[in-house]
Structures are given as C-alpha cells and as structure tokens.
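First up is the structure itself, then whatever we jot down about it.
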Amino acid sequence: MIAWRRVTEDDFPLLGQWLRQPYVARWWNHDSSPEGVARDFGPAARREEPSEDWLALLDGRPFGLVQRCRLADYPEYLDELTPVMTVPDGAVSIDYLIGEPDLVGRGLGTRMIQAMIERTWHDYPDATCVIVPVVAANRASWRALGKAGLQRVAEGDLTPDNPIDDPAHVIYRIDRDDRRTDRGPTDAPRL
C-alpha cells in the first residue's frame, strides 16, 4: 500500500537527488541545487502557496513525488489550458515522478497515480475531475496515466517544462464519476 507524507524542507536533499536522476531531469528540468530546490519547493512545503507536494512511500521508504493543485488556483496555467480543452470548475491537476532508480519500471507510477486520485476525491469533495497534460514525447508518463484509468481527451500545444521539447501535449482526464469505488483514500492518513 502506498502511504503519503507532505514534503517538508528536510526532504529537499532527497528531492535534489531525485531531480538529478537523468530519467527525471529529462522531463522535469528543475534546478537541483539546494538553492533551486528550496526556491521551487519551499513555498509549498511552508504552505505559502496552494499547491501541495506529496512524497509517496512504500513500506516507509520514499520513492516518488506527486504535486497536486486546483487549476483555479493557477489562473495563468488555466488560461493556457482552456484553448486546448474545456476545463470544468473544480478541476485538479497532478504531476509526478518516481525518484528511486531501482523502482522505475515496476508499475509504481500507475499505482501512485491511482492512489493520489483516490486521495483527491477524499480530500476535495468538490473536485470534479483530474486533468493531466503531458508532453507528447513522454510516452512512459502518458502510458502510466492510461493504465491508471485516465482517458486521453485532448491534444494541443502548451509550454513544455523542458524548453528542448516540442510544445505538443496530450491531455488525460478522469472524472469523479469514473472512479471505480467510493471507499475513500487508498493510503495512510496525512502526517
């Protein structure tokens, strides 16, 4: 079972290590220096901005990161997305990575996405859907979304995280009504 813990400043060295992994750096394009990690992840860790950064843990070991936000909290992102697709009120988005190299390719990305979606339905009773844009070239990412039950609903040009990428994106979505259960979160309580 995947457990969750909010990222704290004590986790920044681990995030920096993960962001330096070549398979992560290729798609995330973050400054992995201590200063860069503090700048990029500090406001969410201190709860100074509405996005949330979550560590995914397997048997107590952190292995992945999920960033979650309500799209309405980021109007500039919403403005970029709405020409490509209709975004309903209450939409949430996630971004994710598997940081531990020995756990890549084992299906944990799909499980992590599924668990965070279930947690989202529990944490945000007014959330209508989860929408995830992915650069089209990142096949592993969008394949994990499909395996997690999301459907490809749109394609279009968006600003890529990594400037070397083409702006072509695929957009996946799952609606609250599409979920298979109403059990609540499939993870441990918040710490």
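When a residue number appears, it is its place in the shown sequence, counting from 1.
Separation of atoms OG1 (Thr8) and CG (Asp53) is listed at 11.0 Å; rounding is to 0.5 Å. Between the OG1 atom in Thr120 and the CD atom in Glu118 there is a gap of 9.0 Å [rounded to 0.5 Å]. Remark: Met85 CE to Leu158 CG distance equals 10.5 Å, nearest 0.5 Å. Note that the CD atom of Glu100 and the CG atom of Leu14 stand 6.5 Å from one another [nearest 0.5 Å]. One finds the CD atom of Glu155 at 12.0 Å from the NE2 atom of His169 (value rounded to the nearest 0.5 Å). Here Glu52 contributes atom CD and Arg70 contributes atom CZ; the two are 8.5 Å apart, rounded to the nearest 0.5 Å.
Nearest heavy-atom pair across Pro160 and Pro167 is CD-CA, 4.2 Å. Scanning both residues, Ala38 and Pro43, for their nearest heavy atoms gives O-CD, 4.0 Å. Minimum heavy-atom separation, Ala127 to Arg176: O-NE, 2.8 Å. The shortest heavy-atom contact between Pro62 and Gly60 is CD-O, 3.6 Å.
Using a 4.5 Å heavy-atom cutoff, the side chains of Arg61 and Leu103 are in contact. Looking at heavy atoms from C-beta onward, Val132 lies out of side-chain contact with Trp142 at the 4.5 angstrom threshold. In this structure the side chain of Ile113 never reaches within 4.5 angstrom of the side chain of Tyr172, judged on heavy atoms. Between Leu58 and Met112 the shortest side-chain heavy-atom distance does not fall below 4.5 Å. The closest side-chain heavy-atom distance from Leu15 to Asp40 is not below 4.5 Å. Residues Val130 and Ile94 form a side-chain contact, since some pair of their non-hydrogen atoms from C-beta on lies under 4.5 Å apart. Contact of the Ile98 side chain with the Phe63 side chain is registered, since non-hydrogen atoms from C-beta on lie closer than 4.5 Å. With contacts defined as side-chain heavy-atom distances shorter than 4.5 Å, the pair Glu80/Pro133 does not qualify.
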One pair to check against side chain to side chain contact (heavy atoms under 4.5 Å, CB included): Leu65 and Trp28. What are the steps and the verdict? CA-CA 12 Å; Leu65 171 73; Trp28 275 65; 4.0 Å; yes
Take Asp123 and Arg68, measure what side chain to side chain contact (heavy atoms under 4.5 Å, CB included) needs, and give me the verdict at the end. CA-CA 11 Å; Asp123 292 349; Arg68 178 174 70 176; 2.9 Å; yes
Take Leu145 and Tyr96, measure what side chain to side chain contact (heavy atoms under 4.5 Å, CB included) needs, and give me the verdict at the end. CA-CA 11 Å; Leu145 290 167; Tyr96 44 85; 3.2 Å; yes
Please assess Leu150 against Ile117 for the test side chain to side chain contact (heavy atoms under 4.5 Å, CB included), listing each intermediate value before the final yes or no. CA-CA 10 Å; Leu150 288 84; Ile117 289 170; 3.4 Å; yes
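For Asp31, the CG atom counts as densely surrounded, since its 6.0 Å shell holds more than 12 non-hydrogen atoms of other residues, nucleotides or ligands. The environment of Arg20 atom CZ is dense: over 12 non-hydrogen atoms of other residues, nucleotides or ligands sit within 6.0 angstrom.
No single ILVMFWY cluster, assembled from side-chain heavy atoms under 4.5 Å apart, contains both Ile171 and Val92. Hydrophobic clustering of Ile, Leu, Val, Met, Phe, Trp and Tyr side chains at less than 4.5 Å, counting indirect connections, keeps Val153 apart from Val170. Ile174 is not connected to Leu71 by any chain of hydrophobic side-chain contacts under 4.5 Å among Ile, Leu, Val, Met, Phe, Trp and Tyr, and they are in different clusters. Placement of Phe41 and Trp4 within a single hydrophobic cluster is found when ILVMFWY residues are connected by side-chain heavy-atom separations under 4.5 Å, directly or transitively.
The cationic group of Arg5 does not satisfy the cation-pi geometry with Trp54, failing either the under 6.0 Å distance to the six-membered ring centre or the 45° limit from the ring axis.
Screening Arg47, Arg39, Arg46 against Glu9 for a salt bridge (charged side-chain N to carboxylate O under 4.0 Å, His left out) leaves a single residue, Arg46.
Counting only distance, with no hydrogens or angles, the side chain of Ser93 and the backbone of Ile131 share a donor-acceptor pair below 3.5 Å. No donor-acceptor pair under 3.5 Å is formed between the side chain of Asp175 and the backbone N or O of Asp177. The main-chain N or O of Gly90 is never found under 3.5 Å from a side-chain atom of Tyr124 such that the two would form a donor-acceptor pair. Arg119 places no side-chain N or O within donor-acceptor distance of the main-chain N or O of Ala115, the cut-off being under 3.5 Å. Formation of a donor-acceptor pair under 3.5 Å by the Arg111 side chain with backbone atoms of Arg106 is not found in this model. Under a 3.5 Å cut-off, the side chain of Tyr77 and the backbone N or O of Ala72 do not form any donor-acceptor pair.
Side-chain contact of Tyr74 with Glu49: a donor-acceptor pair under 3.5 Å is present, judged by distance alone.
A salt bridge links Arg26 with Asp165; the closest basic N to acidic carboxylate O contact falls under 4.0 Å.
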